[in-house]
Structure formats: structure tokens, C-alpha cells
Amino acid sequence: MPPPPPSPSAPADRGTLHGLAALAHTAAHPSGEPCRCAGGLVGVLADRDDGTVVRHGGLVAKAHAPGTDPEAHRVRLALAAHQDVGGVFLPPLPPSRTGPEELDGRPVTVWPYGPPVDPGDPDAAPWEEAARLLALLHRTPPPPGWAVRLPDMRAPEKVALAVERMRRTAPDHPAAATVLGAWRTVPDGAGTHRLLCHGDFHLGQLVRDTRSGTEGGTAGAAPWRLIDIDDLGLGDPAWDLARPAAWFAAGLLPPEVWTRFLGAYQEAGGPAVEAEPWGRLDVPARALTVQTAALALAKSTAERRPLDEVEEVMIDTCARIAGHRTG
């Protein structure tokens with residue numbers, strides 16, 4: 001299973017982490033009873049520039065990225081809690097149970113904890129389940145009156161931001177021209193489709209929903225749900241299939257896995273592709289290849305290290321897209 005795209009690490013300051021841990025503790029123990037959570041159930045799950053996540057028992061608290069648009073965030077959060085997408089997204093806890101909605105200028109939210117996909121067991125990766133969730137999301141119309149409120153999904157914007165980050169932090173990297181050459185093949189615009197989209201799909205955005213118990217009493221029987229609402233919005237659903245498509249085109253995702261994923265999506269009535277899928281997938285897949293490669297150059301430059309094997313594959317794929325390799 002290919003890893004999620006590389007993200008530069010920008011840990012939260014100690015005050016933000018302490019505040020987030022306190023918020024998670026209060027939400028997990030609202031009546032003030034003593035905490036008896038085992039040590040392994042409390043701790044930092046993620047600490048990156050795009051979000052910091054702290055777990056406490058059965059809950060997680062997230063500080064979203066600095067600079068998050070407050071109104072767009074509120075609408076995205078409300079949509080994740082809406083009954084119309086109850087079978088797709090793990091819903092947030094109501095604000096009344098979570099205390100402050102902001103910490104050090106960053107929106108904060110609280111969610112049920114869900115066991116994630118096991119990166120050590122790629123054969124068990126839930127590709128078909130993920131495809132069916134995406135198809136269900138894409139087929140779900142915005143709730144009545146919401147179409148004018150929902151922001152655009154952010155996938156195309158994030159590609160442009162990744163390229164800009166590379167230009168700013170790794171302008172002299174010998175592979176930067178290759179990535180820019182591939183970027184020039186990606187046309188402007190996100191398309192004319194206006195359907196509900198996740199905006200940043202990869203297997204790291206899936207968790208088990210164990211809130212209501214599970215058949216047989218094991219977490220492995222709980223249904224999968226999507227998490228991370230930061231890029232949710234209206235747009236072309238082909239972008240939600242773009243990362244697996246890019247991995248397949250790069251040779252990182254085995255053909256049989258890609259076939260299972262795409263087949264499950266089509267069988268579930270997903271509207272992102274037609275009988276010949278690459279007519280819709282080509283541009284988003286090229287864009288996600290550029291994004292992954294651009295972030296790889298930015299990260300490797302910041303860490304003063306050579307590209308790893310997967311990152312080299314993405315650069316080589318950019319070279320094929322651009323028609324040449326410059327580094």
C-alpha cells in the first residue's frame with residue numbers, strides 16, 4: 001500500500017499541544033470523574049502543519065491548520081454532522097460537549113476515535129469499502145439549501161499550493177524543472193461538476209466507526225467511515241479518485257488493486273467516471289502526481305536528504321508526463 005503523500009512537519013507549539021490535550025481530557029470525562037484511561041489510549045496521534053490530533057480514550061481532539069477559513073470550516077463541520085452523510089463520515093461531537101471552538105487562533109474539533117487502516121497489513125487495505133464510501137458521497141445531493149453555502153473542495157487548490165511551496169523552498173533542486181514541466185500540462189480549473197467531494201482522499205482518511213458496538217464484539221467488524229473535513233466541498237468527484245489513479249499510473253499501486261477499487265466504485269454507481277475512466281481521471285491524476293512530487297522535493301530539501309525510492313518514482317512519473325527528465 002503506498003504511503004500518504006509526504007507532508008512537511010511543523011509541530012504545534014507546546015502551549016497548543018497542552019491546550020488540545022486538556023480539551024480532549026475534558027471531552028472524554030465531562031463530569032469530571034478521575035481519568036482511568038490506559039497510557040496507550042492517551043497521546044499525540046499527529047502533529048503536522050495541516051493539523052494536530054490528540055487522543056484521550058475514546059475521543060480525539062484536532063487543532064486545524066492555522067489560517068483555516070472560519071466560515072468554510074463551520075459549513076464543512078456542519079455537513080459532516082448532517083444525517084444525509086451519516087453513512088459516509090464519522091460525525092464530530094456537538095460543540096456543546098467540547099468546550100471552546102478555537103485554540104491559539106486555530107479551530108478545534110472533537111471526534112470519536114476510530115481504529116485506522118493498518119499500514120503494516122497492505123493486503124487487508126479496504127479499497128473496495130473506500131470506493132463504495134466515495135461513490136455514496138458523490139451520489140448524495142447537498143442537503144436542501146446547502147448548495148449555495150458549501151465551499152469548493154480544495155483538491156485543485158492544494159496542488160497549486162504544493163507547487164508554490166516547492167518553488168519557494170526547493171527552487172534549485174535538480175528535479176524541480178521536471179515537476180514544473182509536468183505542472184504545465186495540467187490545465188487550469190477544477191471542471192464544471194458540482195458534487196459533494198472529500199477533497200483529499202487516501203487510505204489514511206478511513207477509520208472504523210465503533211460507536212454503536214460491533215458485530216461479534218470486535219472492532220474489525222465495525223463499518224469504515226471517512227474522516228478529515230478540511231477539504232470537503234463541491235467539485236469534480238474525479239479528484240477523489242486521483243491519488244489511487246496516480247499511484248497506479250506510477251506503478252506504485254498494483255493493477256489488480258486498482259481494478260478492485262475502480263470496479264467497486266463503478267458498481268456502486270459512482271458518477272466520477274464513465275465506461276472509459278481515464279477521460280475524466282487523466283488531468284486529476286497528473287495533478288496529484290505533481291502535488292506529491294512537489295511536496296517530496298520541499299520535504300527532502302528541508303530535511304537535507306536525498307529523495308527516497310517512492311519519491312523518485314513520482315519524479316520519474318512527472319518526467320513521463322512532461323516528456324523529459326531534467327534532474
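Hydrogens, waters and symmetry mates are skipped; everything else that's a heavy atom, side chains included, is used. We count residues from 1, following the sequence as given.
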Item to complete: Check whether any side-chain heavy atom of Leu295 sits under 4.5 Å from a side-chain heavy atom of Arg165, and report yes or no.
Response: yes
Worksheet item: How far apart are the closest heavy atoms of Pro91 and Pro112, and which atoms are they?
Response: O-CD, 3.2 Å
Worksheet item: Judged by modelled atom types alone, do Arg106 and Thr68 share a side-chain donor-acceptor pair under 3.5 Å?
Response: no
Item to complete: Check whether any side-chain heavy atom of Met153 lies under 4.5 Å from a side-chain heavy atom of Leu232, and answer yes or no.
Response: no
Worksheet item: Can Asp230 and Arg76 be counted as an ion pair, charged N to O under 4.0 angstrom?
Response: no
Worksheet item: Is there a donor-acceptor contact under 3.5 Å from the side chain of Asp200 to the main chain of His202?
Response: no
Worksheet item: Do any N or O atoms from the side chain of His29 and from the backbone of His25 form a donor-acceptor pair under 3.5 angstrom?
Response: no
Worksheet item: When rounded to the nearest 0.5 angstrom, what distance separates CG in Leu297 from NE2 in His173?
Response: 5.0 Å
Worksheet item: Under 6.0 Å between ring centres, would you say that holds for His198 and Trp239?
Response: no
Worksheet item: For Ala46 and Arg48, which heavy atoms make the closest approach, and how far apart are they?
Response: CB-NH1, 3.6 Å
Discussion item. Donor-acceptor check, side chain of Arg225 to backbone of Phe89, threshold 3.5 angstrom: yes or no?
Written reply: no
Practice prompt. Would you indicate whether the side-chain heavy atoms of Val283 and Thr185 approach each other to under 4.5 Å?
Written response: no
Worksheet item: Counting distance only, does the side-chain N/O of Arg55 pair as donor-acceptor with the main-chain N or O of Gly43 below 3.5 Å?
Response: no
Worksheet entry | Side chain proximity check, Glu101 to Pro107, heavy atoms < 4.5 angstrom | no
Fill in: From CZ (Arg208) to CG (Leu90), nearest 0.5 Å
13.0 Å
Worksheet, complete the sentence: Scanning both residues in full, the closest heavy-atom pair of Cys318 with Ala182 reads O-CB, 3.6 Å
Worksheet, complete the sentence: Minimal heavy-atom distance between Ala21 and Val54, with the atoms involved, is CA-CG1, 4.0 Å
Practice prompt. Would you please test Thr317 and Leu252 for side chain to side chain contact (heavy atoms under 4.5 Å, CB included) and show each step?
Written response: CA-CA 11 Å; Thr317 307; Leu252 294 172; over 6 Å; no
Discussion item. Quick check: do Val290 and Val163 have side-chain heavy atoms less than 4.5 Å from each other?
Written reply: yes
Discussion item. With a 3.5 Å distance limit and no angle check, can you tell me whether Tyr265 reaches the backbone of Ala272 through a side-chain donor-acceptor pair?
Written reply: yes
Worksheet item: Does a side-chain heavy-atom distance below 4.5 Å link Pro151 with Val75?
Response: yes
Worksheet item: What closest approach, in Å, do Ala125 and Leu203 show between heavy atoms, and which atom pair accounts for it?
Response: CB-CD1, 3.7 Å
Item to complete: For Ile315 and Leu307, run side chain to side chain contact (heavy atoms under 4.5 Å, CB included): C-alpha distance rounded to whole Å, both residues' side-chain angles, the deciding distance at 0.1 Å, then the answer.
Response: CA-CA 9 Å; Ile315 299 299; Leu307 296 169; 3.8 Å; yes
Worksheet entry | Separation of Ser300 OG from Glu311 CD (nearest 0.5 Å) | 5.5 Å
Worksheet item: Of all heavy-atom pairs between Ile229 and Ala80, which one has the smallest distance, and what is that distance?
Response: CG2-CB, 3.5 Å
Discussion item. So for atom CZ, which belongs to Arg168, do other residues, nucleotides or ligands contribute more than 12 heavy atoms lying within a distance under 6.0 Å?
Written reply: yes
Item to complete: From the options Ile227, Asp228, Leu133, select the one residue that forms a side chain to side chain contact (heavy atoms under 4.5 Å, CB included) with Leu206.
Response: Leu133
Practice prompt. Determine, step by step, whether Asp236 and Arg194 satisfy the salt bridge (Lys or Arg N to Asp or Glu O under 4.0 Å) criterion, reporting the C-alpha distance in whole Å, the side-chain angles of both residues, the deciding distance to 0.1 Å, and the verdict.
Written response: CA-CA 6 Å; Asp236 184 347; Arg194 300 289 290 168; over 6 Å; no
Item to complete: Over 60° means perpendicular and under 30° means parallel, so classify the ring planes of Trp127 and Phe261, tilted if in between.
Response: perpendicular
Practice prompt. Go through the steps for Leu241 and Val273 under the test side chain to side chain contact (heavy atoms under 4.5 Å, CB included), then give the verdict.
Written response: CA-CA 9 Å; Leu241 278 60; Val273 294; 4.2 Å; yes
Discussion item. Determine whether Thr109 and Trp111 satisfy the following criterion, side chain to side chain donor-acceptor pair (under 3.5 Å), listing intermediate values before the conclusion.
Written reply: CA-CA 7 Å; Thr109 51; Trp111 308 77; 2.7 Å; yes
Fill in: Stepwise side chain to side chain contact (heavy atoms under 4.5 Å, CB included) check, Val179 with Met166
CA-CA 9 Å; Val179 178; Met166 181 195 71; 3.8 Å; yes
Practice prompt. Using a 4.5 Å cut-off on heavy atoms from C-beta on, say whether the side chain of Tyr113 contacts that of Leu41.
Written response: no
Worksheet item: Can any side-chain N or O of Gln266 pair as donor or acceptor with the backbone N or O of Ala268 at less than 3.5 Å?
Response: no
Fill in: Any donor-acceptor pair under 3.5 Å from Glu276 side chain to Gly279 backbone
yes
Worksheet item: Are the side chain of Arg243 and the backbone N or O of Phe201 linked by a donor-acceptor pair below 3.5 Å?
Response: yes
Worksheet, complete the sentence: Rounding to 0.5 Å, atoms CG (Leu137) and CG (Asp240) come to a distance of 6.5 Å
Worksheet entry | Min side-chain heavy-atom separation Leu79-Trp146 under 4.5 Å | yes
Discussion item. For the backbone of Gly86 and the side chain of Asp84, can you confirm whether one donor and one acceptor N or O come within less than 3.5 Å of each other?
Written reply: no
Item to complete: Give a yes or no on whether a salt bridge exists between Arg320 and Asp316, defined as a side-chain N under 4.0 angstrom from a carboxylate O.
Response: no
